[in-house]
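Following: one structure in structure tokens, then a few remarks.
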Amino acid sequence: MPELVFVGTGDAFGSGGRRNTAILVRDAGHTLLLDCGPTTSTGLKAMGIDPRDIDAIAITHFHADHVAGIPFLLLDYLFETRRERPLEIHGPPGIRQHVRRLADAFHYVNEQDGMFPIHFGEHEQGKTIDLEGFRLTPLEAYHTPATYPHMLRVEAGGHSMVFSGDTGWHDSLPAAVGDVDLFVTECVFMTPGSYSMHLSVEELARGRERFRCGAMRLTHLGADVLGNLDRVPFDTAHDGLVLEF
Ligand SMILES: [Zn+2]
Ligand SMILES: [Zn+2]
């Protein structure tokens with residue numbers, strides 16, 4: 001069965017001392033990284049995972065807690081673990097320019113001569129592609145529009161899951177998630193707050209019967225949720241969790 005490895009399950013503030021978002025999907029010797037927060041390299045090393053295991057990276061949106069780890073990973077590949085084989089990086093439209101701008105701003109390397117090849121791909125909402133042994137479909141999300149937010153559906157080995165990235169509640173959320181085996185969803189608040197572009201436990205609990213998915217697992221947990229875990233009627237993820245789906 002395919003498995004998920006939760007490298008980072010915290011929010012943008014590192015609440016609870018958790019790392020920023022990064023989730024590995026592994027199946028049949030292939031590894032796909034969903035999001036690459038700035039603490040991703042630290043997490044991989046802490047968990048004894050060789051960064052070179054990663055065949056492809058898929059980014060949900062351009063907020064730093066989901067994408068700013070890429071320059072650090074490229075630096076690791078060039079000077080530490082010395083990657084030689086190509087790397088796929090897929091993300092919202094403009095992903096190549098975005099990664100280049102980040103690397104430039106950090107004064108880190110990006111696609112320099114002698115570096116391993118990087119192949120970039122841009123999400124098209126609703127369009128499924130084959131990516132290094134996985135089938136990847138970007139879906140609609142409701143989040144800061146300037147970050148080009150997407151959810152990501154991943155199929156592997158006859159199983160399927162959706163990762164929400166960052167999204168607030170919207171009426172078509174349950175239908176967009178569909179009948180996958182597992183929905184890994186962000187959840188920042190206990191109750192809907194003033195910021196509508198993240199989900200709350202209350203909204204997910206109220207809408208639970210509208211979801212046709214199998215299991216649900218909460219991640220990207222805010223301080224509000226972490227302080228009330230005993231009142232959360234869902235399974236939650238933590239840094240280092242490994243889960244089959
Ligand atoms: Zn986030
Ligand atoms: Zn975000």
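Counting convention: from 1, in listed order, for ligands and their atoms alike. These numbers come from the heavy atoms of this one structure, side chains and all, not from hydrogens, waters or symmetry mates. Keep in mind the model is a prediction, meaning the values are calculated, not measured.
- Between the Zn ion (ligand 2) and the N, O or S atoms of H143, the shortest distance is to NE2.
- Seen from the Zn ion (ligand 1), atom OD2 of D65 and atom NE2 of H66 lie 90° apart in angle, a value rounded to 10°.
- The shortest side-chain heavy-atom distance between L221 and D11 does not fall under the 4.5 Å cut-off.
- A cation-pi contact, defined as under 6.0 Å to the ring centre and within 45° of the axis, is absent between R96 and F120.
- The OD2 atom of D166, the Zn ion (ligand 2) and the NE2 atom of H61 define an angle of 90° (nearest 10 degrees).
- L32 and V162 fall into different hydrophobic clusters, where Ile, Leu, Val, Met, Phe, Trp and Tyr residues are linked whenever their side-chain heavy atoms come under 4.5 Å apart, directly or through other members.
- Distances from the Zn ion (ligand 2) to the N/O/S atoms of H63 are shortest for ND1.
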Next item on the list: Mind running side chain to side chain contact (heavy atoms under 4.5 Å, CB included) on L4 and L182 for me, showing each step along the way?
Entry: CA-CA 10 Å; L4 297 183; L182 173 67; 3.6 Å; yes

